[in-house]
Amino acid sequence: MIDRQKREAHNILRGLNTVQKQAVECTDGPSLVLAGAGSGKTRVLTHKVAYLIDRKKIPSSRILSLTFTNKAAREMRERILQLVNPCYGELWCSTFHSFFARILRMEAEKLGYTQNFTIYDTDDQAALIKKIQNGMTMTIEQCPINAIRSRISHLKNHLKLPEHAKESAVDYFDEHVAMIYQEYQDNLKAANAMDFDDLLLKPIELFHLFPESLAYYQKRWHYVLVDEYQDTNHPQYLLLKSLSEKHRNLTVVGDDDQSIYRWRGASLRNILEFEKDFKDCKTFRLEQNYRSTKNILHVANSIVMHNSSRMEKQLWTKNDDGELVSLLWNSTGEEESSRIIYKIKDEFQRNKRNFSDFAILYRTNAQSRAIEDELRLNGIAYVIVGGIRFYERKEIKDILAYLRAVVNPLDEISVRRVINFPARGIGNVTLKKIEDFCSQHSISFFEGLTRVAEIDSIAEPTMQKIRNFSDMILKYNSVQHTISAAELAATLVEELGILVKYKEEGSEEALERRDNIGELLTQIRQFSNENEGNGNSLAHFLEEVSLITDIDNWDNDSNAVTLMTLHSAKGLEFPVVFIAGIEEGLLPLSRNSNNLEDLEEERRLFYVGITRAREKLYLSLAERRIRYGDSSFGGPSRFLHEIKHDLLELDRTQVSVSRSQRSYSYDDNLPVYEKKAPAAKKLKPGIIVRHPRFGKGVVRRVEGTGKETKADILFEDVGEKKIVIKYANLEIL
DNA sequence: ACGCACCCGATTTTT
DNA sequence: TCGGGTGCGT
């Protein structure tokens, strides 16, 4: 036992370079790790947590690691568990939003919410704003919902209250927004709902109003570590500052050159001024890149050095020069797609690559379509990250809205969403009558439904329909704690009869919707199994779902080419990367070419894309491309001129394949799209399993594939064992 | 209350 | 070009 601990402690520092080691060993006080792309940023973070637990004997429950995505949080947890014995206690790796949502669930009453509050996503926000705008009597001119939504979000992120917004309004739009903003906040409160921004703002309010509550959390967390610090916004900055005020052990890791979420409130200031904000802070610069070839890195450096607001850094690598970066110069958008696919096949055959080695990145989702068509035509498997998310599909949102209404009937947006779905003859006129009744009596929309008998103008048959609806919601509301989420959801879907309806409809679209709902029910079932006896699992499920995103589910296990936006690619790496559409108007996007700050963010976005590539980078552009139905010509991106010419290899080879010749669907030389066995896929370090003989344990390491897969598992009772999966009959918990 | 036709608008989207 | 949202007609 002691031997193993020694070995592990040694492992924690082994394989780190000098700066990385210094950063890990610097445990006391604030520290800033400026980590260039591919320089082992997450490595420093995970090793530091492991070091704290193992060397400094800090209970893991005192260490808080915050990230932006669930995927990053999950990976961080797994990597820490590979380094240290997890038995010291719970390990806290979480996203900002889910961490603070968790706090808010506990403290909701103090802020006038109940603990089963609903989290509103962008769609719900839009629906609410729309409702408010439609209800405004003196409205002269309507404004685009999304413009209002993002303005309100902007105001909130700058801690501007509706009163402030009113005072500082300079034009009609500002005034209009300020009015809606006020009502928007009131409505959220009445609906017992919070939007994403509130998940950060309400904790600030909580800490402000209840200093003893803040003191509790300050005492609770001895160490706070943050990944991707360059993307934090102002509320996040304030929260980090107050949470770490007592122990002062705040470690932030980030790269100002990779800050690409300014448009969403991220403040580059946070990382640029960290040394001023935390006076005695220690700064570490990780400038050695382990990911890319020298050529790729030179291109990346030559681009990003054109930015003015950045901290001076020079990435270098011991890796080989590698191939030159290729510039695929095309005349049209279609040619671009063909050429990329041609290159993929070429790389595939010449360099023995897997399809999962390739990523095709683009600035806008709309660009994916042409590339997808070409991939399909050539029988190459691909996965798209982003676009329409599973949980944003209409049918999924409909079911979720029912579940949300059941958990929180005050959630007016959800109730309204489903009151006439499936169609049950309750139309706009009736809704308006109920609405008026509710505002006359100052009651919630749902209470209005239950008191529909008092509304004279509604005809009896309609009343009955409304009563049926509200009774149904109440029925499920009353059993939510006695039956499992899975059972509740399945019964509800059954009662609604939508699966049958979609089946009868029979169209491809309807069948897909039916399947999606089936998939949702499966997910709820899984969730129920995993969280048995955890109180109200339906509410938990809804919270988890509202904080999940597409990239969280992306797993590069399937042998397929990955397509995604430059934004989604941050944090990932691929042997071969294509960046499509390096044109004026697209990169930089025309809207963001006018002011310097926007332009610099576009440049960083390009930089992020370039630095995803390990071995080979292709840049691609088209002289003409169809956009919004028109043919447009932006010309090569200005960023191309920032690359030294001897780093680029111009490739203008014509791809001489016509549509008809390419219409075969499978090429014998291409492997069949194949997914890895689900069992092997799910078994990852950090996962809890049950063994028929040894009981419960946590997976530490996985080696081998297929039938050969073995795993080191640390069991609660019998210690660590190496298990051959094939024979073990493990149950994944 | 529902269906169809037309019109407008159109980044990126960690949560 | 394409999809969603509005408004009119039944």
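In the text below, chain A, chain B and the rest are named by the order of the sequence lines, each starting its count at 1. These numbers come from the heavy atoms of this one structure, side chains and all, not from hydrogens, waters or symmetry mates.
- Under a 3.5 Å cut-off, the side chain of Q367(A) and the backbone N or O of R363(A) do form a donor-acceptor pair.
- The environment of CD in E597(A) is sparse: at most 12 heavy-atom neighbours from other residues, nucleotides or ligands sit within 6.0 Å.
- Not a single ring-ring contact (aromatic ring centres under 6.0 Å, His included) links Y607(A) to another residue, sequence neighbours left out.
- A distance-only check finds a donor-acceptor pair linking the side chain of N408(A) to the backbone of A191(A) [under 3.5 Å].
- Using a 4.0 Å heavy-atom criterion, one finds that A101(A) contacts no nucleic acid atom at all.
- For Y261(A), whose side chain is taken as the heavy atoms from C-beta onward, the closest listed nucleotide among dA1(B), dT13(B), dT11(B) is dT13(B).
- In terms of modelled atom types and a separation under 3.5 Å, the side chain of D198(A) and the main chain of D195(A) share a donor-acceptor contact.
- Between dT12(B) and N365(A), a contact under 4.0 Å exists linking OP1 or OP2 to a side-chain N or O.
- Formation of a donor-acceptor pair under 3.5 Å by the R625(A) side chain with backbone atoms of G333(A) is not found in this model.
- Not one side-chain nitrogen or oxygen of N146(A) sits closer than 4.0 Å to the OP1 or OP2 atom of dA10(B).
- Taking atom CD of E228(A) as the reference point, atom C1' of dT13(B) lies 15 Å away to the nearest angstrom.
- Note on L199(A): nothing from the nucleic acid sits closer than 4.0 angstrom, heavy atoms only.
- If you take CD1 of I145(A) and P of dG4(C), they are 16 Å apart, rounded to a whole angstrom.
- Residue whose closest nucleotide on DNA chain B sits further toward the 5' end, between R424(A) and N592(A): R424(A).
- Contacts of D121(A) with the nucleic acid, taken as non-hydrogen atoms under 4.0 Å apart, are absent.
- In this structure, F96(A) atom CZ and dT13(B) atom P are separated by 20 Å, rounded to whole Å.
- Looking at E543(A), its side chain never comes within 3.5 Å of a backbone N or O of I119(A) through a donor-acceptor pair.
- The CE-P distance, from M564(A) to dT12(B), rounds to 15 Å in whole Å.
- In this structure, the nucleotide among dC2(C), dT11(B), dC2(B) sitting nearest to the side chain of R369(A) is dC2(C).
- In the model, E107(A) has a side-chain atom that pairs as donor or acceptor with a side-chain atom of Y217(A) under 3.5 Å.
- A close approach under 4.0 Å does occur between a side-chain nitrogen or oxygen of T565(A) and OP1 or OP2 of dT13(B).
- Remark: S568(A) is not in phosphate contact with dT12(B), judged by side-chain N or O atoms under 4.0 Å from OP1 or OP2.
- Between Y229(A) and F274(A), the angle of the ring planes goes over 60°, which puts this pair in the perpendicular group of the 30/60° scheme.
- Closest approach to the A423(A) side chain among dT11(B), dC2(B), dT13(B) is made by dC2(B) (side chain taken as heavy atoms from C-beta onward).
- Proximity of a side-chain donor or acceptor of S620(A) to a complementary backbone N or O of E336(A) within less than 3.5 Å is not detected.
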Filtered N/O pairs between nucleotides 3-9 of chain B and protein, under 3.5 Å:
none

Between the protein and nucleotides 5-10 of chain C, list the N/O to N/O atom pairs that are separated by less than 3.5 angstrom.
residue	atom	partner	partner atom	Å
dT6(C)	OP2	K130(A)	NZ	3.3

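- Look at CG on D123(A): it is 12 Å from C1' on dG4(C), rounded to the nearest Å.
- Among the protein residues, L547(A) comes within range of the sugar-phosphate backbone only, with heavy atoms under 4.0 Å from sugar or phosphate atoms but none that close to a base.
- In this structure, Q367(A) places its CD atom 11 Å from P of dT13(B), rounding to the nearest Å.
- If you take CD of E597(A) and P of dT11(B), they are 22 Å apart, rounded to a whole angstrom.
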Show the numbers, then the answer: is there a side-chain contact (heavy atoms from CB on, under 4.5 Å) between F639(A) and H306(A)? CA-CA 9 Å; F639(A) 298 149; H306(A) 286 83; over 6 Å; no

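- The nearest heavy atom of DNA chain B to T430(A) and to W263(A) marks one nucleotide each, and the one closer to the 5' end goes with T430(A).
- Rounded to an integer number of Å, the gap from CG of N594(A) to P of dT11(B) is 16 Å.
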